[in-house]
Amino acid sequence: MPTTEPTTELLLEIYDRLLANVGERNWWPVRYDSGAEAGFEIAAGAILVQNTSWSNAERALKNLHEAKIWGYQAVYEADESKIVEAIRSSGYYNTKTKKLRAYAQTLVEEFGGDDANLFDLELSELREKLLSIYGIGEETADDIILYAAKKPSFVMDAYTRRLVDRLGWKVAGNKYADYQRLFMSKLKPNVEIWGEFHAQLDGQAARVCMKRNPLCESCVLLDLCPTGKKNLS
DNA sequence: ATCCTGAGTC
DNA sequence: GACTCTGGAT
């Protein structure tokens with residue numbers, strides 16, 4: 001069992017190295033709306049990307065926009081079959097259609113169709129509300145909180161867990177919250193940095209620290225990683 | 001533990 | 001052909 005815990009300084013060191021290595025990621029780009037519907041685009045993207053590649057989710061967003069099923073009211077009123085057709089590329093299209101509609105329904109019926117009213121909730125209340133909606137689990141909730149509502153909730157996911165495990169860090173348990181706490185308890189709340197940090201960790205896991213055949217020899221974190229040293233020895 | 005499920009990569 | 005991808009509900 002790993003017994004080491006990262007310090008705040010180590011986490012920031014890793015952040016700096018990754019950022020210096022690949023530059024800022026354009027994580028969660030908003031293509032169709034920088035104004036009133038930006039929150040919708042981010043939340044819809046967060047649902048559509050579940051267990052799927054971003055390219056598939058992005059295509060679904062594009063099709064939704066072109067079909068003019070755009071915004072909470074539009075999704076709320078649209079035929080299910082039209083949504084299914086538009087988001088087919090994202091996979092799990094029947095399930096995701098129900099998820100999109102559940103989120104839109106909450107926004108329209110409880111928040112006047114304006115996500116500013118939802119995002120005004122205090123962080124823990126906002127998270128509880130999001131988690132109560134069908135189709136929104138912890139990761140999707142934190143995506144929406146951090147990237148759309150712009151409140152500090154560190155996004156955890158399978159990529160980041162893999163990095164944490166390979167770096168040999170001690171984690172209190174095996175749950176989402178255990179891994180999330182590792183970062184949130186050591187980093188000062190900062191929406192910009194947390195958003196970029198998550199993007200950097202995901203990029204590293206996807207392109208260097210892959211599930212199989214990781215590229216340890218070219219990893220900028222190699223000197224900090226027991227798994228990498230072992231792989232190369 | 002199983003179901004949902006498209007598109008790219010190996 | 002199998003695997004992986006910015007998961008969540010049952």
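Throughout, a chain's letter reflects where its sequence line sits, starting with A, and its residues are numbered from 1. Just so it is clear, the structure is predicted and the values come from calculations on it, not from any experiment.
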Without placing hydrogens or testing angles, list every side-chain donor-acceptor pair under 3.5 Å for residues 211-218 of chain A, not counting sequence neighbours.
unit_1  : atom_1 : unit_2  : atom_2 : d
S218(A) : OG     : L215(A) : O      : 3.3

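- Proximity of residues 80-100 of chain A to DNA chain B (heavy atom under 4.0 angstrom from any strand atom) is restricted to R88(A), S89(A), G91(A), Y92(A), Y93(A), N94(A), T95(A).
- Interface limits on DNA chain B: the 5'-most and 3'-most nucleotides within less than 4.0 Å of chain A heavy atoms are dC4(B) to dG8(B).
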Would you be so kind as to tabulate the donor-acceptor pairs closer than 3.5 Å made by side chains of residues 77-87 of chain A, with sequence neighbours excluded?
unit_1 : atom_1 : unit_2  : atom_2 : d
E77(A) : OE2    : Q73(A)  : NE2    : 2.7
E80(A) : OE2    : R101(A) : NH1    : 3.2

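- As a whole-Å value, the separation of Q50(A) CD from dA9(C) P is 8 Å.
- In terms of the side-chain contact (heavy atoms from CB on, under 4.5 Å) criterion, residue partners of A46(A) (sequence neighbours excluded) are, by chain and number, W28(A), T140(A), D143(A), I144(A).
- D157(A) has its CG atom 14 Å from the C1' atom of dT4(C), to the nearest Å.
- Within residues 203-216 of chain A, the residues that place at least one heavy atom under 4.0 Å from DNA chain C are, in residue-number order, K211(A), R212(A).
- Interface residues of residues 52-68 of chain A facing DNA chain B, ordered by number: T52(A), S53(A), N56(A), R59(A); criterion, heavy-atom separation under 4.0 Å.
- For the ring pair (Phe, Tyr, Trp, His ring centres under 6.0 Å) condition, no pair includes a residue of residues 207-233 of chain A, sequence neighbours left out.
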* To do: Kindly determine whether N21(A) and Q204(A) satisfy side-chain hydrogen bond (donor to acceptor under 3.5 Å, both in side chains), including the steps that lead there.
  => CA-CA 10 Å; N21(A) 190 38; Q204(A) 181 71 6; 4.8 Å; no
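- A distance of about 15 Å separates the P atoms of dT2(B) and dC3(C), rounded to the whole Å.
- The side chain of R162(A) places no N or O atom within less than 4.0 Å of a non-bridging phosphate oxygen (OP1 or OP2) of dT4(C).
- Within a heavy-atom distance below 4.0 Å of DNA chain B, no residue of residues 131-153 of chain A is found.
- Near DNA chain B, meaning a heavy atom under 4.0 Å from it, residues 181-201 of chain A has no residue at all.
- Within the structure, ring pair (Phe, Tyr, Trp, His ring centres under 6.0 Å) pairs that include any residue of residues 105-136 of chain A do not occur (at least two apart or interchain).
- No donor-acceptor pair closer than 3.5 Å links the side chain of T160(A) to the backbone N or O of V155(A).
- A donor-acceptor pair under 3.5 Å is absent between the side-chain atoms of E138(A) and the main chain of Y176(A), judged by distance alone.
- Here the rule is ring-ring contact (aromatic ring centres under 6.0 Å, His included) with H198(A), and of F154(A), Y15(A), W27(A) only W27(A) fits it.
- Applying the side-chain hydrogen bond (donor to acceptor under 3.5 Å, both in side chains) test to K99(A) and every residue at least two apart in sequence or in another chain returns Q50(A).
- Of the possible donor and acceptor atoms, none in the side chain of W70(A) sits under 3.5 Å from a partner among the backbone N and O of L61(A).
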